[in-house]
Peer 1: 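Quick one: structure below, then a few questions.
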Amino acid sequence: MPIQVTAAPSPVPDSISARVRALPEQQRAIYMQIVEEGKTAAEVARSTGLAPSTVRVHLSRANRALAAPLPRQPQPPPEPTSRRRYIATDFSGTDVSPMSLMRLPKGQRDVVRRFLDGASRKQIAADLGISETTVRSQLCKAMQTLRSDEP
């Protein structure tokens, strides 16, 4: 006859104990018997009068609830930094001749031309049927391209 060895019960860490207390009564009772007392699902089923499959379902649900990530704690707002995000609005000192603009993709070229003509980002977005964020992105990319081509 084979010898059945059961694992020694392991104490529940404090971080989980609050979650265990929050479990529904039936799940908590089954979880405690199996984890803390080291009983098998069959033993718990016999002692509670439940079917072994019901005990396994309760244990599975308890384990799933305990494994769920903890709700995130609110984080304080980040400290302001001196580094500011650069938004391209100043093409001075940049070669914006028709020949250099031809190196840009058509979308960027249209946005830059309208911007250089004095249109606001909002006006450009409305005229071209794109978002203001896209206008800003196109301006930044165009600025990078034009500045990288400079000697």
Side-chain angles (χ1 to χ4, degrees), residues 6-41 44-45 50-151:
T6 57
S10 60
V12 178
D14 289 338
S15 61
I16 297 178
S17 62
R19 287 180 159 193
V20 171
R21 287 190 300 270
L23 289 173
E25 184 178 341
Q26 188 92 32
Q27 288 179 17
R28 183 175 59 246
I30 290 171
Y31 180 85
M32 295 301 281
Q33 287 182 36
I34 291 175
V35 173
E36 295 238 333
E37 298 172 19
K39 292 184 178 179
T40 65
V44 173
L50 297 172
S53 61
T54 304
V55 170
R56 287 190 299 272
V57 167
H58 281 300
L59 180 62
S60 172
R61 290 180 180 167
N63 282 330
R64 194 173 324 129
L66 296 174
L70 290 170
R72 293 183 60 165
Q73 298 296 321
Q75 298 294 321
E79 293 292 323
T81 61
S82 60
R83 184 176 172 203
R84 299 188 71 192
R85 208 168 111 185
Y86 176 74
I87 299 174
T89 56
D90 184 17
F91 281 89
S92 63
T94 305
D95 181 18
V96 288
S97 65
M99 189 57 120
S100 67
L101 290 180
M102 290 307 292
R103 291 189 292 250
L104 298 174
K106 184 181 181 323
Q108 289 179 17
R109 196 169 45 240
D110 291 343
V111 169
V112 170
R113 282 186 179 147
R114 290 172 192 262
F115 186 76
L116 292 173
D117 288 339
S120 68
R121 284 193 219 107
K122 191 172 192 172
Q123 291 169 333
I124 296 169
D127 291 347
L128 297 177
I130 57 178
S131 72
E132 288 183 56
T133 305
T134 302
V135 171
R136 182 176 35 192
S137 173
Q138 295 291 350
L139 287 170
C140 288
K141 289 177 183 177
M143 177 74 77
Q144 290 172 351
T145 302
L146 293 172
R147 291 214 169 140
S148 68
D149 291 341
E150 292 177 355

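Positions are given from 1 along the sequence.
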Peer 1: Quick check for you: to the nearest 0.5 Å, what is the distance between Lys106 atom NZ and Leu101 atom CG?
Peer 2: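 So the gap between those two atoms works out to 13.0 Å.
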
Peer 1: Is any side-chain heavy atom of Ser97 closer than 4.5 Å to one of Ser100?
Peer 2: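 Yes, side chains in contact.
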
Peer 1: Check whether any side-chain heavy atom of Leu139 lies under 4.5 Å from a side-chain heavy atom of Val112, and answer yes or no.
Peer 2: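 In contact.
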
Peer 1: Could you tell me whether Arg61 atom CZ has more than 12 heavy atoms of other residues or ligands within 6.0 Å of it?
Peer 2: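 It does not: Arg61 CZ has 12 such atoms or fewer within range.
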
Peer 1: Between Ile124 and Ala119, what is the shortest heavy-atom contact and its length?
Peer 2: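 Reported closest heavy-atom pair: CG1-CB, 3.7 Å.
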
Peer 1: Are Thr134 and Ser131 close enough that a side-chain donor and a side-chain acceptor fall under 3.5 Å?
Peer 2: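 There is such a pair (donor and acceptor under 3.5 Å, judged by atom type) between the side chains of Thr134 and Ser131.
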
Peer 1: NZ/Lys122 to CG/Asp127 distance, rounded to the nearest 0.5 angstrom?
Peer 2: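 It comes to 13.0 Å.
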
Peer 1: What closest approach, in Å, do Ala45 and Ala51 show between heavy atoms, and which atom pair accounts for it?
Peer 2: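 Smallest heavy-atom distance, with atoms named: CB-C, 4.1 Å.
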
Peer 1: Could you check whether any side-chain N or O of Glu36 sits under 3.5 Å from a backbone N or O of Gln33, counting only pairs where one atom can act as donor and the other as acceptor?
Peer 2: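 No, the answer is negative, given that no donor and acceptor are paired below the 3.5 Å cut-off.
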
Peer 1: Please report the interatomic distance CG(Leu59) to CZ(Arg64), rounded to the nearest 0.5 Å.
Peer 2: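 One finds 11.0 Å between CG of Leu59 and CZ of Arg64.
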
Peer 1: Kindly compute the distance separating CD (Glu25) from NE2 (His58), expressed to the nearest 0.5 Å.
Peer 2: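 These two atoms lie 11.0 Å from each other.
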
Peer 1: With heavy-atom distances below 4.5 Å as the criterion, would you say the side chains of Leu50 and Ile30 are in contact?
Peer 2: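 Touching, per the 4.5 Å side-chain cut-off.
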
Peer 1: In plain terms, say whether Asp110 and Arg114 are close enough for a salt bridge, that is, a side-chain N and a carboxylate O under 4.0 Å apart.
Peer 2: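 Answer for the salt bridge query: no.
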
Peer 1: Dump the intermediate steps for side chain to side chain contact (heavy atoms under 4.5 Å, CB included) on Val20 and Val35, then the final yes or no.
Peer 2: CA-CA 11 Å; Val20 171; Val35 173; over 6 Å; no

Peer 1: Do you know the tightest heavy-atom contact between Ala41 and Val55?
Peer 2: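 Taking Ala41 first and Val55 second, the nearest heavy atoms are O-CG1, 3.9 Å.
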
Peer 1: Measure across Gln108 and Thr145 and return the closest heavy-atom pair with its distance rounded to 0.1 Å.
Peer 2: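 Smallest interatomic distance, heavy atoms only, reads OE1-OG1, 4.4 Å.
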
Peer 1: Atom CG of Leu66 and atom OH of Tyr31: how far apart are they, to the nearest 0.5 Å?
Peer 2: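 These two atoms lie 5.0 Å from each other.
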
Peer 1: Heavy-atom distance under 4.5 Å between the side chains of Val135 and Phe115, does that happen here?
Peer 2: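 In short, these two side chains do not touch, never coming nearer than 4.5 Å.
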
Peer 1: Hey, does the side chain of Arg121 reach the backbone of Glu132 with a donor-acceptor pair shorter than 3.5 angstrom?
Peer 2: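 Answer holds: no.
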
Peer 1: Which distance, rounded to the nearest 0.5 Å, do you find between the CG of Leu146 and the CD of Gln144?
Peer 2: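 It comes to 10.5 Å.
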
Peer 1: So which atom in Leu23 and which in Arg28 form the shortest heavy-atom distance, rounded to 0.1 Å?
Peer 2: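 Reported closest heavy-atom pair: O-NH1, 2.9 Å.
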
